[in-house]
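The structure under discussion appears below in the form of structure tokens.
Computed from a prediction, not measured in an experiment: that's the story for all the values here. Below, all heavy atoms of this structure are taken into account, side chains as well, without hydrogens, waters or symmetry copies.
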Amino acid sequence: MTTPFIPLDAPFTDDQRSWLAGFLAGMQTRLFSGGPADDAGTAGAAPVLHVLYGSQTGNAEAVAEDAAAAARTHGFAPVVCGLDDMDLDRFAALGHVLIVTSTYGEGEMPDNAELFWDALSAESAPRLERMNFAVLALGDTGYDGFCQAGKLLDTRLEQLGAQRIVPRVDCDVDFEDAAAAWISETMPLVAAVEGIVGPGSPAAPAPTAPARPKSQWTRKNPYPATLTTNRVLSGAGSAKEIRHYEFALGESGIEYEAGDALNVVPLNDTALVQALLDRLRLDGSVVPAGFDSTLAHLLTYDFEITAPSVDLLEEIEKRTRNEELTYVLRHGDKTALDEWLWGRDILDVLLLEPAPELSAEEFLSLLRPLQHRAYSISSSPSACDGSVHLTVASVRYGDDDRERHGVCSTYLADRVGDGTVGVFVTKNKAFRVPSDDTAPMIMVGPGTGIAPFRGFLQERRARGATGKNWLFFGDQRRDCDYIYEDELAEFTASGVLTRLDLAFSRDQAEKIYVQTRMTEHGAELFAWLEEGGHFYICGDASRMAKDVDAALHAIVAEHGGMSPEQAAEYVTALKREKRYVRDVY
């Protein structure tokens, strides 16, 4: 093998030319010293490019697949896998690596990247001087810790000696164009060091692989599904309003599996739009500079008009000098700001005195784009051919002055009627019914967290699976919050649901939660795990999922006769084997 000639006056930036020169010099040194030049494999084979992803809802995985498709056109044999599927010793031997990762919650690693990050961030992590890498981070500026997972990985790889191919790119919720540009910029640079001149002229023919089929229905082109069922599940006296929805998929060709998410593209409430226009004394029929639609149309279809952005808060603080807002922005911490915002929406912020004056263009510049909402699908296509079901809690809150509404949940509940709703599916390959139909399945899903498990039970029944199924479900009160009671009774009577444990927290003086029931039956739960059981959680991430995880660790320690450290290793092994997975929000 000879060092490929690459003209450094090619259309690369100064940083890219510098990187290429350094890479080729190091490559030449390794060649003359007899060391391995890269991870291309056997002579004549297409060079390998590893594309790794950390994904919570499927977006990062989809971008990784797009990067792999581009890699094939450049003559690579791409290898795509989740970060947790990559052993650190194997990772340390790689030559070319692209990483695409989302950020979960407030700056946390997505579930399928936690174990990898724990190993990579440890003091014992190996040096990575042979590695060349690039990181694409997906995030949401509406959350603290924007793209934090990608930032952490990018920094740690540099600390361990890996060479950055291109600077990290941080994407907001509208990530598609930025991700495509990152792929287009990065791929030629990696191809160049392999002596590949350009797309379609690989150093050696890459093995053909079928392209990943893509649905035509996306965030930018949602399918107009007809809402055929809108039924209240919660009973009279409930503090919640939980509804069951069914959407007809018609001739869309949309395919999904139990465990996937249905994304709904909402429209804003026109009454709230008008209230905002009235407060700012703006004419909704005017077309703002730089836009093609009227202000009222933009506020209804294109912009988020409930949760205020930090930019909006800071601008209103400048104009009103509200003492509380000034304090939480300049002297408080995130907790103080969250407490101040609790129960307030954008209109509440604009109602601060003195009334802020904003032009239409100024106001729009301070708003975030209106985003789809992702909901766990509560059906299996095996049982619900041609339709997809959701289980959604309507968000309603307020005081004597004004009732406030969730954007999407009340759009579905109140304003769609028998019309159509823009939808598209996001795959969640990590959250699936066990492929082994004999494996036990333990599901923890209080409240609307039951949604995917309704689909799981439908799927197991349709498959004729013989594995045992155990559901932990609960809410506040049995008489009004026991959703899908009839269906669960039927699953139990037919033998599909082997065991059902209920926890209604407010039916007695002492609060009882799903983790309470887990602990009460810890010996049997551990026995199911020992039999190869899969453990699932769906629901609230901030409290429930953490409490359930702590209960699981305690159960393993007690009934497995383990120390806390050994129990942690046991649970980690469950995660590594994909037998402990979560769908939390």
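- Considering only heavy atoms from C-beta on, His50 comes within 4.5 Å of Arg90 through its side chain.
- Under 3.5 Å, the side chains of Asp549 and Tyr580 contain a donor-acceptor pair of N or O atoms.
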Please walk me through it: do Leu529 and Leu552 pass side-chain contact (heavy atoms from CB on, under 4.5 Å)? CA-CA 11 Å; Leu529 294 176; Leu552 179 63; 4.0 Å; yes

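- Aromatic ring pairs are classed by plane angle as parallel below 30°, tilted from 30° to 60° and perpendicular above 60°; the pair Phe431 and Phe453 is tilted.
- Across every non-hydrogen atom of Ala60 and Val100, the tightest pair is O-CG1, 3.7 Å.
- No close placement of the Trp528 and Phe526 rings is indicated, their centers lying 6.0 Å or farther apart.
- Summarising the local packing, CG of Asp418 is surrounded by 12 or fewer heavy atoms from other residues, nucleotides or ligands at distances under 6.0 Å.
- When the shell of 6.0 Å around OH of Tyr301 is examined, it contains 12 or fewer heavy atoms from other residues, nucleotides or ligands.
- Using a 4.0 Å cut-off between charged side-chain N and carboxylate O, Asp345 and Arg402 make a salt bridge.
- Checked against the 6.0 Å centroid criterion, the rings of His389 and Phe247 do not qualify as a close aromatic pair.
- A cation-pi arrangement is absent between Arg344 and Trp342, since the terminal nitrogen or guanidinium carbon is not both under 6.0 Å from the aromatic centre and inside a 45° cone about the axis.
- Ring orientation note: the planes of Tyr536 and His534 are close to parallel, at an angle under 30° on the 30°/60° scale.
- For the pair Phe472 and Leu500, the minimum side-chain heavy-atom distance is 4.5 Å or more.
- Once rounded to the nearest 0.5 Å, the distance linking OG of Ser309 with CZ of Phe303 reads 11.0 Å.
- Ring centroids of Trp217 and Tyr223 are separated by less than 6.0 Å, placing the two rings close together.
- Across all their heavy atoms, Arg460 and Ala439 have their closest contact at NH2-O, 2.5 Å.
- Under 3.5 Å, the side chains of Asn469 and Thr498 contain no donor-acceptor pair of N or O atoms.
- Taking a cutoff of 4.0 Å between a charged side-chain nitrogen and a carboxylate oxygen, Asp475 and Arg477 do not qualify as a salt bridge.
- For Glu251, the CD atom sits in a loose shell: 12 or fewer heavy atoms of surrounding residues, nucleotides or ligands are nearer than 6.0 Å.
- Side-chain atoms of Ser382 and Glu459 form a donor-acceptor pair, as typed in the model, at a separation below 3.5 Å.
- For the pair Glu531 and Lys468, the salt-bridge criterion is met [side-chain N within less than 4.0 Å of a carboxylate O].
- Closest heavy-atom contact between Phe456 and Met443: CB-SD, 4.3 Å.
- Salt-bridge formation is not detected for the pair Asp111/Lys575: no Lys NZ or Arg NE/NH1/NH2 atom is positioned less than 4.0 Å from an Asp or Glu carboxylate oxygen.
- Counting only heavy atoms from C-beta outward, the side chains of Leu138 and Thr101 never approach each other to under 4.5 Å.
- The number of heavy atoms from other shown groups lying within 6.0 Å of CG (Asn221) is above 12.
- Annotation for Glu487: atom CD counts as buried by contact number, over 12 foreign heavy atoms lying within 6.0 Å.
- Nearest heavy-atom pair across Val395 and Ser409 is N-OG, 2.9 Å.
- Aromatic ring centres of Tyr245 and Tyr375: separated by at least 6.0 Å.
- Between Ile512 and Asp507, the closest side-chain pair of non-hydrogen atoms is not below 4.5 Å.
- With salt bridges taken as basic N to acidic carboxylate O contacts below 4.0 Å, none links Glu257 and Lys429.
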Let me see the working for Leu152 and Met109 under side-chain contact (heavy atoms from CB on, under 4.5 Å), right down to the final yes or no. CA-CA 9 Å; Leu152 289 172; Met109 289 287 164; 4.0 Å; yes

Run the side chain to side chain donor-acceptor pair (under 3.5 Å) check on Ser380 and Tyr256 step by step: do they pass? CA-CA 8 Å; Ser380 164; Tyr256 71 93; over 6 Å; no

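- Ion pairing of Lys334 with Asp338 is present here, as a side-chain N (NZ or NE/NH1/NH2) and a carboxylate O approach within less than 4.0 Å.
- Counted by atom type alone, Asp481 and Ser238 present one or more donor-acceptor pairs between their side chains at under 3.5 Å.
- The existence of a salt bridge linking Arg368 and Asp172 is excluded, since no basic side-chain nitrogen approaches an acidic carboxylate oxygen closer than 4.0 Å.
- Of all heavy-atom pairs between Pro446 and Val444, the closest is CD-C, 3.9 Å.
- With respect to the salt-bridge test (charged N to carboxylate O, under 4.0 angstrom), the residues Arg396 and Asp414 qualify.
- Here the closest non-hydrogen pair linking Tyr104 and Tyr585 is OH-N, 4.4 Å.
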Pair Val79-Val51, side-chain contact (heavy atoms from CB on, under 4.5 Å): steps then yes or no: CA-CA 6 Å; Val79 176; Val51 186; over 6 Å; no

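- Using a 4.0 Å cut-off between charged side-chain N and carboxylate O, Asp85 and Lys578 make a salt bridge.
- For the pair Lys427 and Glu61, the minimum side-chain heavy-atom distance is 4.5 Å or more.
- The environment of CZ in Arg463 is crowded: more than 12 heavy-atom neighbours from other residues, nucleotides or ligands sit within 6.0 Å.
- Side-chain contact check for Tyr484 and His244: at least one donor-acceptor pair (N or O, by modelled atom type) lies under 3.5 Å.
- The backbone N or O of Leu267 lies less than 3.5 Å from a partner atom in the side chain of Arg415, making a donor-acceptor pair.
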CA sep, side-chain torsions, deciding dist, call: Arg243, Asn230, side chain to side chain donor-acceptor pair (under 3.5 Å): CA-CA 7 Å; Arg243 291 176 178 257; Asn230 175 355; 2.8 Å; yes

